[in-house]
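Below: one structure, written as structure tokens.
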Amino acid sequence: MIPRIRIVEAGAHVGQEVRIAGWLYNLRKSGKIAFPQLRDGSGIIQGVAVKAEVPEELFESLRSLTQESSIILQGKIRAEERAAGGYEMDVTGLEIIQRVSEEDPYPITPKEHGPDFLLNHRHLWLRSRRQHAIARVRHEVIRATRDFFDSNGFILMDTPIFTPAACEGTSTLFEVDYFEDQKVYLSQSGQLYNEANAMAQGKVYCFGPTFRAEKSKTRRHLTEFWMVEPEMAYATLDEVKVLAEDMLCFIVDRVLNNRQAELKVLERDVSKLERIRKPFARMHYDEAVTLLQGKGSEIVWGGDFGGTDETLLTEDQPGPLIVDNFPTEIKAFYFQPVDGRPECALGMDVLAPEGYGEIIGGGQRIHDLDLLLKRLDEHNLPREAFDWYTDLRKYGSVPHAGFGMGIERCVTWMCGLEHLRETIAYPRMIYRTRP
RNA sequence: UCCUCGGUAGCUCAACGGUAGAGCAUUCGGCUGUUAACCGAAGGGUUGUAGGUUCGAAUCCUACCCGGGGAGCCA
């Protein structure tokens, strides 16, 4: 029996007759020679069939194949300098599993397409070389993130998606009309539950989908995205900054070590990732505002950064920038105030370089019961809805801190992409829910 | 929600008041090393929808629909 291999293993089978099951990626042919390119998910390999050297029937079947037809190619693997992957297959056999009809050909041709068309065909677009590479970088980022926390004493404790109240009281939530007793929303953060979990386990993280009902229509937003959120008991803002630094360096390292081929497909300038080193630059909000005003930004103290502000702040930085001590006013209710400066909060954002903007937001939480109750009132949040949360300040309250990282934003930065939407298999946006 | 740009062949675009076109894709023919292969030919259109102006509208006007980018908001 001829062994079946995956394309990625071709190098180990030079000189052998093998079978590879996949899809026809492209076909170039002349009268007497044909070059079918086969894709199997692990790679792409080019087959060669010379008319004079193979049975007439085989040559004709190969010649008339259509793009993305599912086939099993049989042949002998040969090292070939001219081939992109370094190996080629001299085809000796072909089994057609399903032939794509020429009356209804594969819609995504090797030429260029617009975003609307591609997103409508997302289920097929995922097969293309670029999307295949992005999906693998995403996988690497997620694996690295989980490995990092798992090997640093964190316990994964996932938090609920259906939540009875706003986590932050700020962004717009998706309402779910099902539960009898009260209004329920889709989670916009696992943080409040993370705090409870951290008091049980010491160090925890959650990783799951997050929903924001803002009518955002930008290259940095999705209505459904994935977020990883660590939370540590007995921790301060400074410790959480170091954690974010270590985590990002670990992720960058893993991507550089394991996904060079994918980064090459994406034409990513890897030197920009190679120079990411800790410690990252740090800047107080006050400083950031002064710097921005010097660069011509309209920002005034007390306001939040816009997208262009984030780019201005990081343009002179080789790596990420950590901005902290934001005005309390623009932050969620649970941020611990800065000692002796109550108008500022112990929050931080990590801004990625190259204009990719905020990828991490976090900080130290209020651990004093009275202050927390006061903040709930100031934000017009009902105390009853947060009774379990305030319990955490009654029964062994400790300083604690954590952050959230948007996976898609991180992957966008790693891959050097223009649009966040390419980093998730099926992006959900305000005017796009299909496929 | 607001601002802005766009919608013409399956796809990417041109034509900007006077006969609706090109490249790719598809079909047919040619080519023994192609790399988004190349060369020749053919088929393929209610110009997003509805109204209006005009002798004449893809082109100008109005409304609506659909999408891109951005603002606000955020990861």
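A note on names: the letters A, B, ... follow the listed sequences, proteins ahead of strands, and every chain is numbered from 1.
Counting non-hydrogen atoms under 4.0 angstrom, A:D304 reaches the backbone sugars and phosphates but no base. Among the protein residues, A:N26 comes within range of the sugar-phosphate backbone only, with heavy atoms under 4.0 Å from sugar or phosphate atoms but none that close to a base. Residue-level contact check: A:I360 touches the backbone only, with heavy atoms under 4.0 Å from sugar-phosphate atoms and none from bases. Residue contacts for A:E88: at a heavy-atom cut-off of 4.0 Å it reaches a base atom on one of the strands shown. Backbone-only engagement by A:R432 is indicated by non-hydrogen atom pairs under 4.0 Å involving sugar-phosphate atoms exclusively. Within 4.0 Å of A:Q46, counting heavy atoms only, lies at least one base atom of the nucleic acid. Contacts of A:F225 with the nucleic acid, taken as non-hydrogen atoms under 4.0 Å apart, include base atoms.
For A:I33 and B:U35, the CD1 to P distance is 13 Å, given to the nearest whole Å. Rounded to whole Å, the distance from CG on A:D104 to C1' on B:C11 is 14 Å. Taking atom CG of A:D116 as the reference point, atom P of B:G10 lies 15 Å away to the nearest angstrom. Rounding to whole angstrom units, CD of residue A:E229 and P of B:C74 are separated by 15 Å. Between the C1' atom of B:A75 and the CZ atom of A:F326 lies a distance of 13 Å, rounded to the nearest Å. Put simply, NE2 on A:H121 is 12 Å from P on B:G10, counting in whole angstrom units. One atom, CZ of A:R220, and another, C1' of B:G68, lie 16 Å apart when rounded to the nearest Å. A:H419 places its NE2 atom 8 Å from the C1' atom of B:G69, with the value rounded to the nearest Å.
Between A:D269 and A:R275 there is no salt bridge, since none of the side-chain N atoms of the basic residue sits less than 4.0 Å from a carboxylate O of the acidic one. A:R130 has a carboxylate O that lies under 4.0 Å from a charged side-chain N of A:E422, or vice versa, which qualifies the two as a salt bridge. Under 4.0 Å is where a charged nitrogen must lie from a carboxylate oxygen, and between A:E88 and A:R78 at least one such pair does. In this structure, A:K331 does not pair ionically with A:D304, as no charged nitrogen and carboxylate oxygen lie closer than 4.0 Å. A:E214 and A:R212 are not joined by a salt bridge, as no carboxylate oxygen comes within less than 4.0 angstrom of a charged side-chain nitrogen. Taking 4.0 Å as the cut-off between side-chain N and carboxylate O, A:R282 and A:D324 do not count as a salt-bridged pair.
Of the two residues near RNA chain B, A:Y431 and A:H221, the one whose nearest nucleotide lies more 5' is A:Y431.
For A:A52, taking side-chain heavy atoms from C-beta onward, the closest of the listed nucleotides B:U32, B:G70, B:C74 is B:U32. The side chain of A:R82 sits closest to B:G33 out of B:G68, B:U32, B:G33. Of the candidate nucleotides B:G68, B:G69, B:A75, B:A75 has the atom lying nearest to any side-chain atom of A:E358. Checking B:C24, B:A75, B:U32 against every side-chain atom of A:T109, the shortest atom distance belongs to B:C24.
Look at the P atom in both B:A57 and B:A41: the space between them is 34 Å, to the nearest Å. Comparing B:G44 with B:G10, their P atoms sit 12 Å apart, to the nearest whole Å. Taking the C1' atoms as reference points, B:U47 lies 13 Å from B:A14, given to the whole Å. To the nearest whole angstrom, the two P atoms, one in B:U26 and one in B:C11, are 15 Å apart. A gap of 27 Å separates the P atoms of B:A25 and B:A20, to the nearest Å. Between B:A15 and B:U19, the two P atoms lie 15 Å apart (nearest whole Å). Separating the C1' atom of B:U54 from that of B:C60 is a span of 10 Å, rounded to the nearest Å. Rounded to whole Å, the C1' atom of B:C16 lies 5 Å from the corresponding atom of B:U59.
Not counting sequence neighbours, the partners of A:R268 by the side chain to side chain contact (heavy atoms under 4.5 Å, CB included) test are A:L263, A:K272, A:L273, A:E354, A:W413. By the side chain to side chain donor-acceptor pair (under 3.5 Å) test, A:E262 is found to be paired with A:R259, residues two or more places apart in sequence or in another chain being considered. With sequence neighbours excluded, no residue forms a side chain to side chain donor-acceptor pair (under 3.5 Å) with A:T433. Among residues two or more places apart in sequence or in another chain, the side chain to side chain donor-acceptor pair (under 3.5 Å) test is passed with A:R6 by none. Under the side chain to side chain contact (heavy atoms under 4.5 Å, CB included) criterion, A:I97 pairs with A:S70, A:I72, A:E95, sequence neighbours left out. With sequence neighbours excluded, no residue satisfies ring-ring contact (aromatic ring centres under 6.0 Å, His included) with A:Y25. Looking at residues two or more places apart in sequence or on another chain, you find no side chain to side chain donor-acceptor pair (under 3.5 Å) involving A:E60.
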Dump every N/O contact between nucleotides 46-49 of chain B and the protein below 3.5 Å, one line per pair.
none

What's touching nucleotides 42-45 of chain B from the protein side, N or O pairs under 3.5 Å?
none

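In the interface, the side chain of A:S216 is paired with the base of B:C73 through a donor and an acceptor atom under 3.5 Å apart.
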Would you sort out whether A:E140 and A:N258 count as a side-chain hydrogen bond (donor to acceptor under 3.5 Å, both in side chains), showing the intermediate values? CA-CA 8 Å; A:E140 195 67 40; A:N258 299 338; 2.9 Å; yes
Pair A:F149, A:F250 - check ring-ring contact (aromatic ring centres under 6.0 Å, His included), show working. CA-CA 10 Å; A:F149 288 119; A:F250 187 85; 9.5 Å; no
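A sub-4.0 Å separation between OP1 or OP2 of B:G10 and a side-chain N or O of A:H113 is absent. Applying the 4.0 Å criterion to OP1 and OP2 of B:A36, one finds that A:R130 has every side-chain N and O outside that range. For B:A36, the OP1/OP2 oxygens have no side-chain nitrogen or oxygen of A:R129 closer than 4.0 Å.
Contacts classified as salt bridge (Lys or Arg N to Asp or Glu O under 4.0 Å) and involving residues 118-127 of chain A (residues at least two apart or in different chains) are given here: A:E68-A:R127.
Shown here is A:K215, whose NZ atom has no more than 12 heavy atoms of other residues, nucleotides or ligands within 6.0 Å.
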Whether each nucleotide of nucleotides 26-31 of chain B has a protein heavy atom under 4.0 Å at its base (B), only at its sugar-phosphate (S) or at neither (-) is summarised, 5' to 3', as SS---B
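Centre separation under 5.5 Å together with a plane angle under 30° does not hold for the ring of A:F35 and the six-membered base ring of B:G33, so they are not marked as stacked.
Taking a pair as Watson-Crick or G-U wobble with both distances under 3.5 Å, the runs of three or more consecutive pairs in RNA chain B are B:1-7 with B:65-71, B:10-13 with B:21-24, B:26-30 with B:38-42, B:48-52 with B:60-64.
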